[in-house]
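Contents: one structure, followed by commentary.
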Amino acid sequence: MKTVIIGPGAMGSLFGSLLTRAAKEIWLVGNRQEQVDRICSIGLTLEEKGKAQIVPMNASADVTSVGKADLVIFFVKTYDIEEAVSDSLSLEKEDTIFLTLQNGLGNEEAICKKVNPKKVMLGITGHGATLLEPGHIRHAGWGKTYIGELDHRITDRALRIAQMFCEAGIETEVSSNIHDQVWGKLLVNVGINALTALTGFKNGQLLDYPETMRLMEKLVSEAAEVARRKGVHIVEDPVEKVKKAAEATRENRSSMGQDFDHRRKTEIDAINGAVVREAQPLGTPVPFNQAVTDLVKAIEKSFER
Ligand code: KPL
């Protein structure tokens, strides 16, 4: 499968470097020329379990130079998805699959505005990675990956992608209800991302203090209540699931934490902000999610000054 990853941030670079082990041809596409030049000349540096390796990889800042793709994977920030989809249309052929593995809510809708929904698949991943510098990442958290069709059928193409991911060492399952999985991952991000951004902690440190544990429990319980009222099927105790994810990615700084470290815009609107939006028509109170959304947004605005 010729695979093109749009968004060579921490997670796009992680999946890109792992997938070189299984994909026929793999490309990373991003608009930072400095990063693309580094990857093309020396490869991508992947640190894993204390060892560093250089992974040779195709990279381009011009998506039209890549040709057509069998699989396009979006790993851009949620607020960049519409532009990324428009830019990636040159990759499309009759049977191209567009898969999003991004955090948050709203990605499916954004992709389906420009791409036939029959070509779109959703996914989530429990892996965590830190971008140390452009073209240099640390794999700092492990977790399962789920992919699935929008209509919840288990298809051959989904199984083929899952097999390729597994061959690359990315443990992956095809889900027969990927929308539930997307909400499950949302709950993880709701409980970890804003709190790590606001405290400066790594994910695992949230578990070391009763105060951050209490806040995590409040954020996740509110969001889980919204999910239940929307008919999302929650199997595992959501707070326990988030604690497990924080432990499994203990040494990672969450993506929102990394955004704060670099004084960048965050995905708060697609995470805790999305919970606030979804709660409104249901009349479900979500004061803790509202509070962290306001705090993160205020700090984000201060970055612009
Ligand atoms: O998805 C993540 C993120 O940082 O956005 C987790 C799973 C919390 C890993 O850090």
Side-chain angles (χ1 to χ4, degrees), residues 5 7-15 18 47-49 73-81 99-107 122-132 137-147 165 170-173 178 181-208 212-213 215-217 219-220 223-224 236 238-262 264-275 289 292-293 296 300:
I5 296 182
M11 291 302 296
S13 300
L14 174 68
F15 268 63
L18 297 177
E47 281 185 29
E48 237 181 352
K49 297 180 178 156
I73 305 178
F74 292 109
F75 255 130
V76 294
K77 295 289 182 189
T78 45
Y79 47 79
D80 281 334
I81 183 65
L99 167 68
T100 164
L101 289 171
Q102 300 161 268
N103 281 339
L105 296 185
N107 299 305
L122 298 182
I124 54 121
T125 181
H127 285 271
T130 308
L131 188 69
L132 300 174
I137 53 157
R138 179 183 299 135
H139 191 180
W142 281 257
K144 213 160 161 180
T145 297
Y146 292 88
I147 59 168
F165 281 17
I170 303 165
E171 191 191 354
T172 303
E173 205 175 284
I178 196 65
Q181 295 289 351
V182 168
W183 266 91
K185 175 72 194 283
L186 179 76
L187 297 185
V188 170
N189 294 128
V190 158
I192 295 178
N193 290 28
L195 287 183
T196 46
L198 291 166
T199 54
F201 288 174
K202 287 184 174 174
N203 296 358
Q205 285 176 283
L206 293 177
L207 305 172
D208 299 342
T212 42
M213 287 278 280
L215 286 166
M216 179 192 273
E217 280 169 21
L219 289 167
V220 176
E236 202 180 333
V239 174
E240 285 311 310
K241 182 179 165 150
V242 178
K243 285 185 197 163
K244 271 192 216 160
E247 190 57 56
T249 59
R250 172 166 275 281
E251 287 310 312
N252 198 42
R253 180 106 169 94
S254 79
S255 52
M256 200 177 288
Q258 293 181 57
D259 289 336
F260 258 37
D261 297 343
H262 295 99
R264 282 191 306 242
K265 186 172 157 67
T266 72
E267 297 184 305
I268 193 74
D269 282 331
I271 301 178
N272 305 84
V275 171
N289 279 279
V292 295
T293 302
V296 168
E300 244 180 39

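Hydrogens, waters and symmetry mates are skipped; everything else that's a heavy atom, side chains included, is used. Start at 1 and go down the list; that is how both ligands and their atoms are numbered.
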* To do: Look at Lys243 together with Glu240 and state whether they make a salt bridge at an N to O cut-off of under 4.0 Å.
  => yes
* Salt-bridge present (Arg250, Asp208; N to O < 4.0 Å) -> yes
* Name the orientation class of the two ring planes belonging to His127 and Phe15 (parallel below 30°, tilted from 30 to 60°, perpendicular beyond 60°). => perpendicular
* Asked: What residues, two or more places apart in sequence or in another chain, satisfy salt bridge (Lys or Arg N to Asp or Glu O under 4.0 Å) together with Glu171?
  -> none
Between ligand 1 and the protein, tabulate every N or O atom pair separated by less than 3.5 Å, reporting distance only.
from, atom 1, to, atom 2, distance (Å)
ligand 1, 1 (O), Lys185, NZ, 3.0
ligand 1, 1 (O), Asn189, ND2, 3.1
ligand 1, 4 (O), Ser255, N, 2.8
ligand 1, 4 (O), Ser255, OG, 3.4
ligand 1, 5 (O), Asn103, ND2, 2.7
ligand 1, 5 (O), Asn189, ND2, 3.4
ligand 1, 5 (O), Asn193, ND2, 3.2
ligand 1, 5 (O), Ser255, OG, 2.5
ligand 1, 10 (O), Asn203, ND2, 2.9
ligand 1, 10 (O), Asn252, ND2, 2.9

Please list every donor-acceptor pair under 3.5 Å in which a side-chain atom of residues 182-192 meets a protein atom from a residue at least two apart or in another chain.
from, atom 1, to, atom 2, distance (Å)
Lys185, NZ, Asn103, OD1, 2.9
Lys185, NZ, Thr125, O, 2.8
Asn189, ND2, Asn193, OD1, 3.3

* To do: Output all residues satisfying side-chain contact (heavy atoms from CB on, under 4.5 Å) with Thr172, sequence neighbours left out; order by chain, then residue number.
  => Thr145, Ile147, Ala162, Phe165, Cys166, Ile170
